[in-house]
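Note sheet for the following structure.
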Amino acid sequence: VVTNFSLRVADAFAPNLGAVVLDRNPLKLIKMKGVTIHGVIGATLFRSFAVEIDFPAQIIRLHDGEGFLDENTYSSLPLNIVSDRPIIATQVKWKGALKTLKLMVDTGFNHHLLLYNHPFIQGAHLKSEKIGMGYSGTIIGKAGNMQQLHLGERKIFDVHTYFPSSTAYKINDAISTERDGIIGNALLKSFCVVLDYAHAKLYIREDLPWPFLQQEMVYNQSVDA
């Protein structure tokens with residue numbers, strides 16, 4: 001453990017951080033477009049700023065203060081910070097029924113949606129899939145399409161969702177009560193996302209057209225007819 005650690009990212013500077021140096025690099029096998037990952041930047045840095053992740057432009061901006069965005073161009077959701085983890089409350093539709101879930105926003109999760117062993121999926125016919133690799137090895141589980149997910153003012157349809165097995169993804173009582181699952185960057189990548197820790201808000205601006213929204217328009221027209 002290293003104390004009094006400072007970090008500079010472009011023009012943003014954060015002093016007096018804590019850092020952990022590991023004996024081996026557990027991320028050495030993870031390469032993204034040929035780039036070796038040397039470590040992880042966590043909440044200790046990010047909670048000092050409003051973190052803007054502009055996925056379409058592939059830019060991260062760290063804002064200090066207020067007035068850095070036009071709120072009229074964004075939709076916003078309340079953000080609940082639990083153990084330094086950003087969590088939103090949102091609704092999903094499964095087999096025609098709306099359920100309210102608490103989801104952690106995890107930009108390191110490379111899929112759309114992951115839900116823990118939630119009671120409302122019991123008895124569903126889902127196919128087995130390999131979800132990915134974790135520190136403890138291969139994560140396996142079931143997969144299916146969530147009928148609908150609400151994200152701010154938007155409704156996103158047919159969201160590919162993973163349901164990990166309890167043996168592959170250990171969930172203790174504390175985690176299961178604070179959140180029901182994870183929303184990942186495969187779903188967020190068409191948006192510009194701002195995690196405003198200081199004001200407990202998540203801002204979303206849509207930069208690319210979603211085919212899901214076209215499905216909603218066709219559905220509404222058929223209903224009107």
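Since the model is a prediction, treat every value here as computed from it, not as a measurement. We use all heavy atoms of the structure for the numbers below, so side chains are in, but hydrogens, waters and symmetry mates are not.
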Is any side-chain heavy atom of N185 closer than 4.5 Å to a side-chain heavy atom of I53?
no
Does a side-chain heavy-atom distance below 4.5 Å link I88 with N80?
no
Rounded to the nearest 0.5 Å, the CG atom of L202 sits from the CD1 atom of I183 at a distance of 8.5 Å
Mind listing the closest non-hydrogen atom pair of V194 and A50 along with its distance?
CG1-CB, 4.4 Å
Shortest non-hydrogen pair, I182 vs F109, comes out as CG2-CD2, 3.7 Å
Is M146 close to L115 at the side-chain level, that is, under 4.5 Å between some pair of heavy atoms?
yes
Determine whether a donor-acceptor pair (N or O, by modelled atom type, separation under 3.5 Å) exists between the side chain of Q147 and the backbone of G96.
yes
Is the closest side-chain heavy-atom distance between R179 and Y116 below 4.5 Å?
yes
Main-chain N/O of L103 paired to D180 side chain as donor or acceptor, under 3.5 Å
no
Relative to the ring of F68, is the ring of H63 parallel (under 30°), tilted (30 to 60°) or perpendicular (over 60°)?
parallel
So do the side chains of L79 and H199 get within less than 4.5 Å of each other, counting heavy atoms only?
no
With rounding to the nearest 0.5 Å, note down the distance linking NZ in K189 to CD in Q58.
11.0 Å
Shortest non-hydrogen separation from Y74 to E52 and the atoms involved
OH-OE2, 4.1 Å
Closest approach of C192 to P56 (non-hydrogen atoms, all atoms of both residues):
N-CD, 4.5 Å
Is the number of heavy atoms from other residues, nucleotides or ligands under 6.0 Å of D11 CG greater than 12?
no
Mind checking whether E178 and R85 have side chains closer than 4.5 Å, heavy atoms only?
yes
Checking T90 side chain against H150 main chain: does a donor-acceptor pair fall under 3.5 Å?
yes
Where do Y203 and K201 come nearest, in terms of heavy atoms and distance?
OH-CD, 3.3 Å
Report whether L101 and L98 are members of the same hydrophobic cluster (ILVMFWY, side-chain heavy atoms less than 4.5 Å apart, transitive linking).
no
Under a single-linkage definition using a 4.5 Å side-chain heavy-atom cutoff for Ile, Leu, Val, Met, Phe, Trp and Tyr, are F49 and I59 assigned to the same hydrophobic cluster?
no
Nearest heavy-atom contact between F163 and T161 is CZ-CG2, 3.7 Å
Heavy atoms, side chains only, cut-off 4.5 Å: are R154 and F191 in contact?
yes
Picking from L188, L77, I87, what satisfies side-chain contact (heavy atoms from CB on, under 4.5 Å) with V105?
L188
Given side chains that start at C-beta, do those of F46 and L62 come closer than 4.5 Å, heavy atoms only?
yes
Rounded to the nearest 0.5 angstrom, the CZ-CD1 distance for F55 and I60 is 8.0 Å
If I take atom CG from residue D84 and atom OH from residue Y197, how far apart are they, to the nearest 0.5 angstrom?
8.0 Å
Rounding to 0.5 Å, atoms CG (N16) and OG (S6) come to a distance of 8.0 Å
When hydrophobic residues are tied together by side-chain contacts of less than 4.5 Å, even through go-betweens, does I156 share a cluster with L113?
yes
Find out if a path of hydrophobic residues (ILVMFWY) with successive side-chain heavy-atom gaps under 4.5 Å connects F5 to V21.
yes
